[in-house]
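Only this structure's heavy atoms are used, side chains among them; waters, hydrogens and symmetry mates stay out. Reminder, nothing fancy here: chain letters follow the sequence lines and each chain counts from 1. Only a predicted model underlies this, so the values are computations on that prediction, with no experimental measurement involved.
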2 protein chains.
Amino acid sequence: MADINVTAKTTGKTADLTGRSSSSGSQSIAAGEPAWDIIELLFFAYRDFVGDADEVLAKFSFGRAHHRVLHFVNRNPGMKVAELLDILKITKQSLGRVLKQLVDQGYVLQKEGANDRRQRLLYVTSKGEALAMKLAGLQTERIARALKDTGPGTHDTARRFLTAMLDAEGRDRVLRLIARADHARRPRA
Amino acid sequence: MADINVTAKTTGKTADLTGRSSSSGSQSIAAGEPAWDIIELLFFAYRDFVGDADEVLAKFSFGRAHHRVLHFVNRNPGMKVAELLDILKITKQSLGRVLKQLVDQGYVLQKEGANDRRQRLLYVTSKGEALAMKLAGLQTERIARALKDTGPGTHDTARRFLTAMLDAEGRDRVLRLIARADHARRPRA
DNA sequence: CGAAATATGTCAACATGGCTGACATAAATG
DNA sequence: CATTTATGTCAGCCATGTTGACATATTTCG
């Protein structure tokens with residue numbers, strides 16, 4: 001749990017930009033100095049990260065919007081439409097468009113709520129789960145490689161860094177969502 | 001340069017998800033187990049990260065496309081249109097649309113290349129620089145806060161992790177771009 | 001019970017920012 | 001001089017976001 005993380009180790013396979021920036025005193029970012037490195041690395045890393053999935057999705061004529069819906073439904077089986085809207089922060093019209101396609105093509109199904117019959121609870125089908133897991137697998141490969149290349153303890157540091165990057169207001173909601181999904185295991189699909 | 005990073009310190013202000021995952025052995029991701037935490041944190045963190053800029057841009061009736069152009073031109077004054085296209089990986093038609101608006105509204109200007117008069121070298125104006133720096137400042141605030149909250153040594157770890165997340169093929173190009181921009185200081189604007 | 005609130009869906013229209021394809025111009029190059 | 005290169009531009013399509021207005025079924029509440 002308490003992890004001693006000695007990061008003297010370098011990636012060792014790429015032109016190294018850490019040398020320059022640490023020699024210019026990157027520790028904590030001198031007030032007023034933009035964190036150019038992190039800003040740009042986030043841009044390029046995120047693009048490559050989502051790019052993995054994009055290629056596969058293209059074969060299904062799906063886009064990132066479909067991926068996001070499929071991902072969260074897979075992770076939170078039985079979730080309400082309203083919850084999904086709240087997570088994605090898009091309008092129901094935008095969601096409706098891609099959700100309809102996912103349902104029509106048999107990746108997602110909707111069941112009436114047992115208690116509240118107005119609700120249309122969302123589940124992935126086995127076909128939907130397969131695709132969601134394939135996409136998650138691709139992204140996990142990249143993450144696992146990166147964590148391995150960056151050294152032990154990085155998973156924890158990355159998690160804490162990314163958590164700290166979240167808006168403070170929504171942070172707990174995000175963390176609760178992740179924690180909840182980690183427990184909600186396949187009530188059925 | 002060699003940084004000893006003791007990460008026993010926790011963020012300490014949010015519901016903590018690291019406890020659960022470290023207790024389930026998050027070290028290096030058990031083969032086949034999707035890295036749900038990093039996948040979802042990347043999604044939410046990136047959204048919040050770009051959200052900072054989005055709010056400001058909206059006041060100028062600009063979008064993320066304008067931001068990206070302005071950012072890279074600010075960072076690489078005198079860059080060629082072709083270089084920018086290559087960095088952004090969009091078509092010249094897409095670039096042309098936003099670039100024209102930035103030029104028309106006085107954020108970016110184009111000068112004939114001294115050697116090659118076909119080139120239209122790109123520079124930010126002082127107005128453009130001001131906006132670019134404002135946006136970078138907002139994002140840097142978030143990053144600096146996150147790095148501070150996550151503890152010393154995180155800047156280096158974050159940089160190395162994000163670098164390792166890049167496609168291996170394009171990695172050196174990205175690192176060279178960042179390193180080059182760090183040196184290219186205002187040939188004028 | 002009946003009115004109001006809630007969960008969801010849908011139609012229409014519009015904006016942004018990707019894309020392809022075709023074509024135009026000026027300047028460099030061989 | 002012919003070709004290639006750097007850039008711009010017109011026209012139209014697609015994906016995915018938006019607003020606003022309604023429709024329907026169901027639950028909730030006075």
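Between B:Phe49 and A:Phe161, the ring center distance fails the sub-6.0 Å criterion.
Rounded to whole Å, the distance from CG on A:Asn115 to C1' on C:dA7 is 14 Å. Atom CZ of A:Arg97 is separated from atom C1' of C:dA13 by 11 Å (rounded to the nearest Å). Rounding to whole angstrom units, CG of residue A:Asp86 and P of C:dT8 are separated by 12 Å.
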- Query: What's the verdict on salt bridge (Lys or Arg N to Asp or Glu O under 4.0 Å) for B:Asp86 and B:Arg173, showing C-alpha distance, side-chain angles and the deciding distance?
  - Reply: CA-CA 11 Å; B:Asp86 191 56; B:Arg173 278 181 48 76; 2.3 Å; yes
- Using the salt bridge (Lys or Arg N to Asp or Glu O under 4.0 Å) rule, take A:Asp172 and A:Arg176 through it: C-alpha gap first, then chi angles, then the decisive distance, then the call. CA-CA 6 Å; A:Asp172 281 11; A:Arg176 272 188 273 107; 5.4 Å; no
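Taking the six-membered ring where tryptophan is involved, the planes of A:Tyr107 and A:Phe60 are perpendicular, since the angle between them exceeds 60° and thus also 30°. Aromatic ring pairs are classed by plane angle as parallel below 30°, tilted from 30° to 60° and perpendicular above 60°; the pair A:Trp36 and B:His71 is perpendicular.
In the region residues 45-71 of chain B, proximity to DNA chain D at under 4.0 angstrom, judged on heavy atoms, holds for none of the residues.
Distances shorter than 4.0 Å separate some side-chain N or O of B:Thr91 from OP1 or OP2 on C:dC19.
The residue B:Gln101 sits apart from the nucleic acid: no heavy atom pair falls under 4.0 Å. Within 4.0 Å of A:Glu83, counting heavy atoms only, lies no atom of the nucleic acid at all. A:Lys80 comes within contact range of the sugar-phosphate backbone alone, with a heavy-atom separation under 4.0 Å but no base atom that close.
Side-chain atoms of A:Arg118 come within donor-acceptor range of the base of C:dT6, with a qualifying N/O pair under 3.5 Å.
When each of B:Phe43, B:Phe44, B:Tyr46 is tested with A:Tyr46 by the rule ring pair (Phe, Tyr, Trp, His ring centres under 6.0 Å), just one qualifies, namely B:Tyr46.
Close approach of DNA chain D to chain A, defined as any atom under 4.0 Å from a non-hydrogen atom of the protein, starts and stops at D:dT16 to D:dT27.
Remark: A:Asp167 engages B:Arg142 in a salt bridge, criterion side-chain N to carboxylate O under 4.0 Å.
In terms of heavy atoms, B:Leu138 sits closest to B:Val56 at CD1-CG2, 3.4 Å.
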